[in-house]
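Here's the structure we're looking at; comments come further down.
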Amino acid sequence: MGRAEALHSRQIALAWLLAQKPWIVPIPGTTQMAHMLENTGAAAVRFTQPEIAELNASVAAIKVEGARLPEMVQAMSGVEAAPKN
């Protein structure tokens with residue numbers, strides 16, 4: 001992505017999430033005003049279709065390992081969706 005140098009990685013990540021579906025609203029947390037202002041800049045980022053394809057390919061190449069939560073927390077959470085049949 002040629003313009004990546006002009007954006008912070010968190011802006012790219014947030015803008016990519018925003019580009020996925022109109023109902024996806026990322027809620028980043030921060031304790032620093034400067035980071036919050038940078039985060040809000042992600043709303044102005046518009047990716048081209050080739051950029052979206054490049055980002056999607058990069059994300060798809062990441063091998064996810066391990067559980068989302070520790071087993072004990074998972075057992076008490078009750079937040080997981082039922083398995084798809």
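Residue numbers run from 1 in the order of the sequence given. Note: hydrogens, waters and symmetry copies are ignored here, and every other heavy atom, side chains too, is used.
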- Task: Would you kindly confirm whether Leu7 and Val59 end up in one hydrophobic cluster when ILVMFWY residues are joined by side chain heavy atoms under 4.5 Å apart?
- Result: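 Yes, Leu7 connects to Val59 through the hydrophobic network.
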- Query: Atom CG of Leu37 and atom CD of Gln32: how far apart are they, to the nearest 0.5 Å?
  - Reply: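 The CD atom of Gln32 is 11.0 Å from CG of Leu37, to the nearest 0.5 Å.
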- To the nearest 0.5 Å, tell me how far Leu55 CG sits from Leu17 CG.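 It is 10.5 Å, given to the nearest 0.5 Å.
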- Message: I need the minimum non-hydrogen distance between Trp16 and Phe47, along with the two atoms involved.
- Response: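 Of all heavy-atom pairs spanning Trp16 and Phe47, the closest is N-CE1, 3.4 Å.
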- Minimum heavy-atom distance between Pro26 and Leu18, given as atom pair plus value: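 For Pro26 and Leu18, the tightest heavy-atom pair comes out as CD-CD2, 3.5 Å.
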- Task: Walk me through it: do Gln20 and Asn56 pass the test side chain to side chain contact (heavy atoms under 4.5 Å, CB included)?
- Result: CA-CA 10 Å; Gln20 298 307 299; Asn56 287 342; 3.8 Å; yes
- Message: So, applying side chain to side chain contact (heavy atoms under 4.5 Å, CB included) with Asn39, which one of Arg10, Gln11, His8 is it?
- Response: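 Exactly one pass, corresponding to Arg10.
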- Task: For side chain to side chain contact (heavy atoms under 4.5 Å, CB included), just list the numbers for Leu14 and Val45, CA-CA rounded to whole Å, side-chain angles, deciding distance to a tenth of an Å, and then say yes or no.
- Result: CA-CA 9 Å; Leu14 292 169; Val45 176; over 6 Å; no
